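What follows is a single structure, written as structure tokens, with notes after it.
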Amino acid sequence: MALYDNMNDRQKEAMLCTEGPLLIIAGAGSGKTRVLTHRIAWLIESGITDPWHILAITFTNKAAGEMRQRVDSLVKEGADQVWVATFHSTCVRILRRFIDRIGYENGFTIYDTDDQKTLMKQVFKDLRIDPRSFRERNVLAAISSAKNELIGPDAFAKEAVGYAEEKQAECYREYQNRLHKNNALDFDDLIMMTVKLLKACPDVLDYYRNRFRYILVDEYQDTNTAQFRLVELLAGGHRNLCVVGDDDQSIYKFRGANIENILNFEEAFPGAKVVKLEQNYRSNGNILEAANSVIRNNRGRRDKKLWTEQETGEKIRVMRFETAQDEADAVSSEILKASGGIHYSSFAVLYRTNAQSRLLEEKFVTKGIPYQLVGGVNFYQRREIKDVLAYLRTIANGSDDIAVRRILNVPKRGIGNTTADKIADFAAANGISFWQGLLDAPGAGIAGRADAKIRKFTDMIEEFRRKSADMPLDKLIAMVAADSGYIESLKEEGEIEAESRIENIDELISKAASYEAEGQDLSDRTEEGLPADLPLLNRFLEEVSLVADIDSLDEDSEKVTLMTLHAAKGLEFDEVYMTGMEDGLFPGNRSIDDPKELEEERRLCYVGITRAKRRLTMTSAKSRMINGETRWSNESMFVREIPEELKERADRSASSAFRKSVQPSYSGGYGNGASGRTGSSGGSGSPAHRYPWESASFASSGDPGRKRPAPAFGKQFQVVKADHLDYAEGDRVRHTRFGAGTVLKIVDGGRDFEVTVDFDGHGVKKMFAGFAKLQKL
DNA sequence: TCGAGAATTGTTTTT
DNA sequence: CAATTCTCGA
């Protein structure tokens, strides 16, 4: 059978166009993985290139694994030679080999978010920054976005304006120094340092350009600037770059993803060919229609429209409940009934925030429905796992101060914070690592009993190190967990929780065993010329630090899948429940006033809808507990954006949900949030409802004195651009919700003006002029 | 040094 | 509400 049997014309075109830059706009369910894998197969089978010269980059290990598997089954020989990996692991592999060229040691450690926070705490202490005035998280977020934009500490400092940014710059510099001292990289460094390396070392760049003659990038809409630069560098010579993505599924802006990468691909790679895949093979007609009618409300997108040859299918079922409990109860009951006690794996329940999973889980447990939860607390982030891994990190990399400090007194050894701080100060003053500081405790003014305790600790670690050299990974972990006294201290607790912690450690041990068993095939690494002495331990640590939640999803298990909308991208299910479809939750309160954010939420909604193959149900609750307080909210504007004729009301309490007499306090969807905290929701104690189809016009009750013309349904968010604004940069303006503020910037964004305003007490917000209805003061 | 209870704070979303 | 951090007494 030829490779292009069963492919449509567009798909074939995308598969066969192998030379030069190519952008494949692949709508949801249009068979993009298929095109990618077949393209790789074609490159090999047709003799265009050797598997060795192909690089395929994904975002998750799961996607990489699937791609590898599918290529394997398509290609007779050499599939294992294709480099299929995530962005992060690709970078790790490059850095492991060459990072010494830019002043790090090749055995570096990867810090996760926890480690980053710990490190930042130290930085705050060092720079005498009050953690109440700046939050670690915020500074880290600023640093992360800087790194995503390839802005190093120096450039950041140069750009810094004002006290806050200057402080952040100081923190960034110090944070980076400490990472370097600890011989550690954070997630963002992995990309940034690889770019730095390739820019600094032309020979290394040449090597990889020759190695990767054909490059494919999946989920291109999620790439950030650093990743873009990386790809651009690697493809710089031959320009055989094929990227696949869907701008409508760009949902990772918060993580630095830059949608411009896909929107402006042809400008970055002149002469690029563009192929659009618009035929959807996944969903029924109604589902696709619904998806189209929601996403059509976005402005910054490439023109496209999905179509299908499949039957129209059922209508979208819309349900509204009194409380979130009712919602969870109904969803679980329905699934129980509809599944017939089997086929649970054809169901997915999606939600906006992880916190929403709790109620659902409870109901699933009581009804005995098997389910699997994706996300929440990652296995490798659990305390006991992190503790054990910190031991391993200490063994592997003595400079990893964070790891050493973490386990110094875990389990309790009677070495308290006072002692540890003394060591830390001493180490800092002498420019040595914390570990070295421990070795010279007397130098730090620690003697007698305290010193003896420290000695016991360092001796133990050194013993572990000696033994680790010739010991299988799983045995090593078992030994560390036992000999350190960690297991014993858990047993002494004697609680159920301790029991499950021990089980988790056992699981880690078996994971290590299977890693070791699989890991014998090191061809990709040895051929890459990696130092042969890079111990298995280091590679294991590296592997576990790059594991994502979604990687653990088992699609064949007979279980219902519970996960966030984000986690659902790339997956498909016969029946999908989108829960918590409420204004304020989805779209979230933060996005409602910011058009860019709102569009991102809408894309997320689009992703959710297009996961469904046969049946889609959207549910919402009038009231739900959030942070210990009951919140009331309207049905999500996204539900309202789906035309009535595609929907079917399946409420149990339809009468109360559809009373037409409810107070119309819908304020155009923006401003005075119809959902608020208990007791503060604009005076009307009862939930405020207004469905677009109930009335031809919207009353802007939250904004007295102004009225907008009644938009036709479906176009309610398309605001006509004003030909001029009655305010300018520097002017003071008033917003219905945020009050007074100063206009910082006005940019003509084509269809509307994009106005940046610094609101007194609310911070800087960006808004479209047509939506914001700002009044000059 | 360490644990228990108080206080505080928070939510998107995660490689 | 719940998870995390802080404070204080032994």
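Computed from a predicted structure; not experimentally measured. Computed from heavy atoms alone, side chains included, the values below leave out hydrogens, waters and symmetry copies. Lettering follows sequence order; numbering is per chain, from 1.
The side chain of N417(A) places no N or O atom within less than 4.0 Å of a non-bridging phosphate oxygen (OP1 or OP2) of dC2(B). Distances shorter than 4.0 Å separate none of the side-chain N or O atoms of R624(A) from OP1 or OP2 on dT11(B). Of the side-chain N and O atoms in K569(A), none sit less than 4.0 angstrom from OP1 or OP2 of dT13(B). OP1 or OP2 of dT11(B) sits under 4.0 Å from a side-chain N or O of R137(A).
If you check every strand for non-hydrogen atoms under 4.0 Å, G416(A) touches sugar and phosphate atoms only. Heavy atoms of E600(A) sit nowhere under 4.0 angstrom from any nucleic acid atom. Across all strands, G588(A) comes closer than 4.0 Å to no nucleic acid atom at all (heavy-atom distances). At a threshold of 4.0 angstrom between heavy atoms, the contacts of T419(A) are confined to the sugar-phosphate backbone, with no base atom among them. N61(A) comes within 4.0 angstrom of nothing in the nucleic acid, heavy atoms only. Across all strands, K121(A) comes closer than 4.0 Å only to sugar-phosphate atoms, never to a base (heavy-atom distances). Residue F187(A) is in base contact, counting any heavy-atom pair closer than 4.0 Å across all strands shown. Nucleic acid contact for T564(A): sugar-phosphate only, since backbone atoms but no base atoms lie under 4.0 Å from a heavy atom of the residue. As judged by a 4.0 angstrom heavy-atom cut-off over every strand, E219(A) is placed among residues making no nucleic acid contact.
What separates CG of N409(A) from P of dG3(B) is a distance of 9 Å, to the nearest Å. dT13(B) atom P lies 18 Å from atom CZ of R603(A), rounded to whole Å. Distance, I626(A) CD1 to dT11(B) P: 13 Å, rounded to whole Å. Atom CD of Q221(A) and atom C1' of dT13(B) are 15 Å apart (whole Å). If you measure from atom CZ of R135(A) to atom P of dT4(C), you get 16 Å, rounded to the nearest angstrom. Between K147(A) atom NZ and dT15(B) atom P the separation is 18 Å, expressed in whole Å. Nucleotide dT13(B) holds its C1' atom 9 Å from the CG atom of L565(A), rounded to whole Å. In this structure, CG of L190(A) is placed 19 Å from P of dT14(B), rounded to the nearest angstrom.
Taking the charged nitrogens against the carboxylate oxygens, E582(A) and R631(A) have no contact shorter than 4.0 Å, which rules out a salt bridge. Salt-bridge formation is detected for the pair D222(A)/K569(A): a Lys NZ or Arg NE/NH1/NH2 atom is positioned less than 4.0 Å from an Asp or Glu carboxylate oxygen. Ion pairing between K121(A) and D126(A) fails under the 4.0 Å rule for side-chain N and carboxylate O.
The side chain of K412(A) lies closest to dG3(B), out of dT5(C), dT14(B), dG3(B). Side-chain proximity of A355(A) to the nucleotides dT1(B), dT11(B), dC2(B) is greatest for dT11(B). For R358(A), taking side-chain heavy atoms from C-beta onward, the closest of the listed nucleotides dC1(C), dT14(B), dA2(C) is dA2(C). When distances run from any side-chain atom of K117(A) to the nucleotides dT15(B), dT11(B), dT5(C), the shortest one goes to dT5(C). The side chain of N354(A) lies closest to dT13(B) when the candidates are dT9(B), dT15(B), dT13(B).
Remark: K196(A) NZ is loosely packed, at most 12 non-hydrogen atoms of other residues, nucleotides or ligands lying under 6.0 Å away.
An aromatic stacking contact links F254(A) with the base of dT13(B), defined here by ring centres under 5.5 Å apart and ring planes under 30° from parallel.
Aromatic ring centres of H88(A) and F59(A): separated by at least 6.0 Å.
Residue-to-nucleotide proximity on DNA chain B shows that, of E597(A) and H88(A), the 5′-proximal contact is made by E597(A). If you find the closest nucleotide of DNA chain B to G628(A) and to T60(A), the one lying nearer the 5' end belongs to G628(A).
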Please walk me through it: do F124(A) and F134(A) pass ring-ring contact (aromatic ring centres under 6.0 Å, His included)? CA-CA 9 Å; F124(A) 273 26; F134(A) 287 85; 7.1 Å; no
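Below 30°, between 30° and 60°, or above 60°: for W83(A) and Y208(A) the angle between ring planes is above 60°, a perpendicular geometry.
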